[in-house]
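Take a look at the structure set out below.
Source: prediction; values computed, not measured. Reminder, nothing fancy here: chain letters follow the sequence lines and each chain counts from 1.
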There are 2 protein chains.
Amino acid sequence: MNTTAATQAGDLPASEDHNNCRALGQILDRVGDKWTIMVVGVLSRGPLRFNQMMREIGGVSHRMLTLTLRSLERDGLVSRTAYATIPPKVEYALTDAGRSLIEPLRVLSDWAIDYRPVIEKARADFDTRGV
Amino acid sequence: MNTTAATQAGDLPASEDHNNCRALGQILDRVGDKWTIMVVGVLSRGPLRFNQMMREIGGVSHRMLTLTLRSLERDGLVSRTAYATIPPKVEYALTDAGRSLIEPLRVLSDWAIDYRPVIEKARADFDTRGV
DNA sequence: CAGGATCCATCGTGATACTG
DNA sequence: CAGTATCACGATGGATCCTG
């Protein structure tokens with residue numbers, strides 16, 4: 001992922017479009033991640049505790065959920081609230097910034113739902129032709 | 001991925017959402033890829049040849065561009081037109097499906113541009129607190 | 001010029017075990 | 001229950017060389 005600072009610094013001042021593409025690329029590398037989407041998805045319905053989330057999402061490993069949540073927390077998209085009780089209880093919730101991501105994601109979601117059949121057909125066709 | 005309880009309460013509350021999340025996750029794994037975004041971005045301005053694209057995007061390796069384009073072609077989002085001339089000439093362009101992706105991507109792009117400062121600040125704060 | 005094939009370093013990922 | 005640390009493996013990306 002490290003595009004190396006060298007690339008960034010010495011790079012040509014292309015069009016503005018390019019900067020946008022870059023920005024989008026970087027942000028989307030975090031936000032467009034599979035588990036990130038899932039997490040935002042389930043949290044959009046309300047706060048959840050760690051293991052609840054793990055069960056809800058399904059298929060995510062303990063480790064990846066931890067990493068994803070930490071990353072989201074770092075980016076200020078998810079808040080983490082720990083209660084020093086026994087047993088410990090930690091609640092995760094979307095922040096305002098996190099909630100603002102729901103809409104764009106829903107747009108993309110709609111697209112995905114609309115075009116999934118199209119894509120799957122194209123894929124099948126392609127593979128058939130390929131054979 | 002309904003923000004609020006938009007879906008009927010008594011009706012498969014989680015499963016539907018989950019299928020959508022899954023669908024979105026899968027599609028986005030391809031479409032949300034860094035180079036995919038870049039390619040759609042540059043192609044949104046018009047057809048391009050292979051090496052042109054490589055120069056335009058910048059920082060993408062020969063290999064990754066090939067793989068990305070193949071994947072996009074397979075999914076029916078990009079068309080590939082080869083001219084049997086010498087030297088060979090191959091033009092890539094967005095298909096209708098590919099063009100339909102521009103809008104959703106732009107929405108996300110706008111979000112990324114809006115929130116990049118916020119995210120970067122949150123990140124800095126987080127790191128500072130962490131130290 | 002387009003792009004396939006190969007080699008190799010790296011990183012993400014899951015499984016497991018351990019602490020508060 | 002929540003979270004961290006370690007390890008081992010497979011996937012991924014980059015560089016390079018080669019062909020039509």
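- In this structure, B:Leu48 places its CG atom 13 Å from P of C:dG3, rounding to the nearest Å.
- With a 4.5 Å cut-off on side-chain heavy atoms, A:Met53 and A:Val39 count as touching.
- Under a hydrophobic-cluster definition in which Ile, Leu, Val, Met, Phe, Trp and Tyr are linked whenever side-chain heavy atoms come within less than 4.5 Å, directly or via other members, A:Val118 and A:Phe126 are assigned to different clusters.
- Heavy-atom distances to DNA chain C give each of A:Gly59 and B:Phe50 a nearest nucleotide, and the one nearer the 5′ end belongs to B:Phe50.
- Considering only side-chain N and O atoms, A:Arg63 lies nowhere under 4.0 angstrom from the phosphate OP1 or OP2 of C:dA15.
- One finds a side-chain N or O of B:Arg70 lying less than 4.0 angstrom from the OP1 or OP2 phosphate oxygen of C:dG4.
- Counting heavy atoms from C-beta outward, A:Leu65 and A:Trp35 have side chains that stay 4.5 Å or more apart.
- Atom CG in B:Leu94 sits 9.5 Å away from atom OG in B:Ser100 (nearest 0.5 Å).
- Atoms CG and CG, on B:Leu72 and B:Asp33 in that order, are 8.5 Å from each other to the nearest 0.5 Å.
- At least one side-chain nitrogen or oxygen of B:Tyr92 sits closer than 4.0 Å to the OP1 or OP2 atom of C:dG3.
- Taking atom CG of B:Leu69 as the reference point, atom C1' of C:dG3 lies 11 Å away to the nearest angstrom.
- For a distance-only test at 3.5 Å, the side chain of A:His62 fails to qualify as a donor-acceptor partner of the base of C:dG14.
- The distance between atom CG of B:Leu67 and atom C1' of D:dA11, rounded to the nearest whole Å, is 12 Å.
- In this structure the side chain of B:Val107 never reaches within 4.5 angstrom of the side chain of A:Leu108, judged on heavy atoms.
- A heavy atom closer than 4.0 Å to some atom of DNA chain C occurs in A:Pro88, these being the qualifying members of residues 71-91 of chain A.
- One atom, CE of B:Met54, and another, P of D:dA15, lie 10 Å apart when rounded to the nearest Å.
- For the pair A:Met53 CE and D:dC1 C1', the computed distance is 13 Å after rounding to whole Å.
- Listed for the A:Ser109 side chain is no donor-acceptor partner under 3.5 Å among the backbone atoms of A:Leu105.
- Look at CE on B:Met64: it is 16 Å from C1' on C:dA5, rounded to the nearest Å.
- Taking only side-chain atoms of A:Trp35, from C-beta outward, the nucleotide of C:dA2, C:dG14, D:dC1 with the closest atom is C:dG14.
- Between the CG atom of B:Leu65 and the C1' atom of D:dA15 there is a distance of 15 Å, rounded to whole Å.
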